[in-house]
There are 2 protein chains.
Amino acid sequence: MIKLSKLSDYAIVVLSCLAAERGQLQTAVMLAQQTGIPEPTVAKVLKLLSKKEIVNSVRGVKGGYSMTRIPDQVTVTELIEALEGPISITSCADSEIESDCHIAQLCPMRGNWNKVNSAVKSALDGMNLSDLLLPVSPQRKGGRA
Amino acid sequence: MIKLSKLSDYAIVVLSCLAAERGQLQTAVMLAQQTGIPEPTVAKVLKLLSKKEIVNSVRGVKGGYSMTRIPDQVTVTELIEALEGPISITSCADSEIESDCHIAQLCPMRGNWNKVNSAVKSALDGMNLSDLLLPVSPQRKGGRA
DNA sequence: ATAAACCGGACTAATAGTGTACGGATTAAA
DNA sequence: TTTAATCCGTACACTATTAGTCCGGTTTAT
């Protein structure tokens with residue numbers, strides 16, 4: 001199905017909240033309330049995003065998260081790789097594990113999915129987070145749409 | 001991970017055998033032997049491919065499979081959709097099920113993955129089966145590389 | 001009639017993904 | 001210095017998807 005997990009979906013929602021209040025720190029709990037996504041899940045998403053430095057985390061009592069960049073500066077590739085791991089169409093395609101391919105003796109395309117892979121990747125590189133955020137009225141914390 | 005299942009992988013392998021003997025009918029058993037992929041799985045792949053008319057099936061004693069077109073005429077999109085179903089990046093993205101999105105009240109990107117989706121899809125539309133087949137020496141049935 | 005070959009669906013086991021919980025580390029403030 | 005808020009990391013149970021197989025049915029050349 002070529003689909004990615006829900007985490008990426010959640011990430012967009014969470015990031016849109018963060019983007020609406022750029023510069024402000026927001027806690028995982030706040031973001032969970034705003035989005036309706038369960039807190040532990042929000043925390044998970046944020047963790048992944050901070051690992052790739054898409055969001056910045058501040059620990060301690062007045063801590064929270066904020067975006068490190070404006071949405072234009074975040075490519076969809078980055079986003080997806082943060083949440084789903086490296087973009088690879090097949091398990092063979094990524095050149096990590098080549099050993100357990102028991103049909104290798106005849107496999108005539110070994111590595112050819114890579115072409116597809118790069119095609120997809122460059123399509124994704126051409127898009128950024130702001131392409132994904134709807135031109136929606138900015139939501140404020142605690143407010144209702 | 002954005003990855004597709006092994007079936008697509010197998011499909012390429014099987015199709016390359018078929019492509020090497022264009023016009024000739026080959027049975028599922030023969031293809032299984034050539035590729036090293038287990039017979040029932042080959043049958044499954046072939047079934048999927050014939051449903052989308054990428055291969056042609058002939059029933060009965062002297063039956064078998066052959067390609068309906070030359071590899072250039074088979075887009076990667078077609079191929080993937082035959083084996084994995086419609087290309088959709090997220091479950092929301094495809095406009096079938098919009099109801100079970102419990103975070104819909106705030107979901108600000110509803111439908112925006114579609115942009116990503118089309119980007120991927122058009123990247124895939126631009127490639128065809130012959131891009132995936134290595135310029136490998138034509139393999140003959142029963143022969144060894 | 002028989003046997004070769006595909007058709008369609010259903011079934012089981014394995015794998016991956018989803019969501020949650022828990023103990024630990026860090027830091028502002030009392 | 002103690003406390004509480006907050007992020008960090010790992011591990012775990014539950015669920016859904018995928019992989020691979022099997023079986024009974026249909027078609028057709030001999």
Side-chain angles (χ1 to χ4, degrees), chain A residues 1-11 13-14 18 24-33 35-66 80 83-85 88-92 97 100-103, chain B residues 1-11 13-14 18 24-33 35-53 55-66 80 83-86 88-92 97 100-103:
Chain A
M1 293 223 198
I2 270 210
K3 79 172 180 219
L4 35 85
S5 76
K6 288 190 185 174
L7 272 297
S8 304
D9 214 342
Y10 294 153
V13 180
V14 169
L18 242 19
Q24 311 268 43
L25 287 181
Q26 302 192 66
T27 68
V29 174
M30 283 162 58
L31 290 165
Q33 288 171 343
T35 58
I37 302 167
E39 299 173 25
T41 303
V42 171
K44 193 179 202 173
V45 168
L46 257 358
K47 241 180 297 181
L48 263 347
L49 290 171
S50 75
K51 222 171 264 175
K52 296 288 181 170
E53 305 190 323
I54 292 170
V55 303
N56 164 260
S57 71
V58 176
R59 299 173 75 160
V61 175
K62 292 222 154 175
Y65 294 92
S66 63
I80 290 179
L83 304 194
E84 321 271 334
S88 65
I89 287 299
T90 64
S91 4
C92 294
I97 327 148
D100 66 350
C101 183
H102 46 292
I103 58 170
Chain B
M1 293 222 195
I2 269 207
K3 78 175 181 214
L4 35 85
S5 76
K6 288 189 184 173
L7 273 297
S8 304
D9 215 342
Y10 294 153
V13 179
V14 169
L18 242 18
Q24 311 268 43
L25 286 181
Q26 301 191 65
T27 69
V29 174
M30 285 163 58
L31 291 166
Q33 287 171 345
T35 57
I37 302 169
E39 298 173 25
T41 303
V42 170
K44 190 180 202 169
V45 168
L46 256 359
K47 244 180 294 181
L48 262 348
L49 289 172
S50 74
K51 221 170 268 178
K52 296 285 181 172
E53 306 192 321
V55 304
N56 166 259
S57 70
V58 176
R59 301 173 74 158
V61 176
K62 292 222 154 175
Y65 294 91
S66 64
I80 291 179
L83 304 198
E84 321 272 335
S88 64
I89 286 298
T90 62
S91 2
C92 295
I97 328 150
D100 67 350
C101 184
H102 45 296
I103 59 169

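Heavy atoms only: backbone and side chains are in, while hydrogens, waters and symmetry mates are out.
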Scan nucleotides 20-23 of chain C against the protein and return all N/O pairs shorter than 3.5 Å with their distances rounded to 0.1 Å.
none

Looking at [X], does any N or O in its side chain come under 4.0 Å of the phosphate oxygens OP1/OP2 on [N]?
X	N	answer
A/Lys62	C/dA29	yes
A/Ser5	C/dT18	yes
A/Ser57	D/dC8	yes

Among D/dC7, C/dT18, C/dC6, find the nucleotide with the atom closest to the side chain of A/Tyr65.
D/dC7
Expected output: side-chain B/Glu39 to main-chain B/Ala28 donor-acceptor under 3.5 Å:
no
Taking side chain to side chain contact (heavy atoms under 4.5 Å, CB included) as the test, write out the residues that go with [X], two or more places apart.
X	result
B/Val61	none
B/Ala43	none
B/Leu48	B/Lys44, B/Leu83
A/Glu53	none

Which is true for A/Ala43 with a 4.0 Å heavy-atom rule: it touches a base, it touches only sugar-phosphate, or it touches nothing?
nothing
Just call it for A/Val58: base, sugar-phosphate, or nothing, with non-hydrogen atoms closer than 4.0 Å on any strand.
sugar-phosphate
Rounded distance [0.5 Å steps], [atom1] in [X] versus [atom2] in [Y]:
X	Y	atom1	atom2	value
A/Lys47	A/Tyr65	NZ	OH	7.5 Å
B/Ile37	B/Lys6	CD1	NZ	11.0 Å
B/Leu46	B/Asn56	CG	CG	10.5 Å

Send over the distance from [X] [atom1] to [N] [atom2], rounded to a whole Å.
X	N	atom1	atom2	value
B/Gln24	C/dA5	CD	P	15 Å
B/Asn56	C/dC7	CG	C1'	14 Å
A/Leu25	D/dT6	CG	P	11 Å
A/Leu46	D/dT6	CG	C1'	12 Å
A/Ile37	C/dT18	CD1	C1'	13 Å
A/Gln26	D/dC7	CD	C1'	15 Å
B/Lys6	C/dA16	NZ	P	9 Å
A/Glu53	D/dC8	CD	P	12 Å

List, with names and distances, any nitrogen or oxygen atoms from the protein found under 3.5 Å away from nitrogen or oxygen atoms belonging to nucleotides 24-28 of chain D.
unit_1: D/dG25; atom_1: N2; unit_2: B/Arg59; atom_2: NH2; d: 3.4
unit_1: D/dT26; atom_1: O2; unit_2: B/Arg59; atom_2: NH2; d: 3.0

Can you confirm whether B/Ser88 sits close enough to B/Pro86 that some side-chain heavy atom of one is under 4.5 Å from a side-chain heavy atom of the other?
no
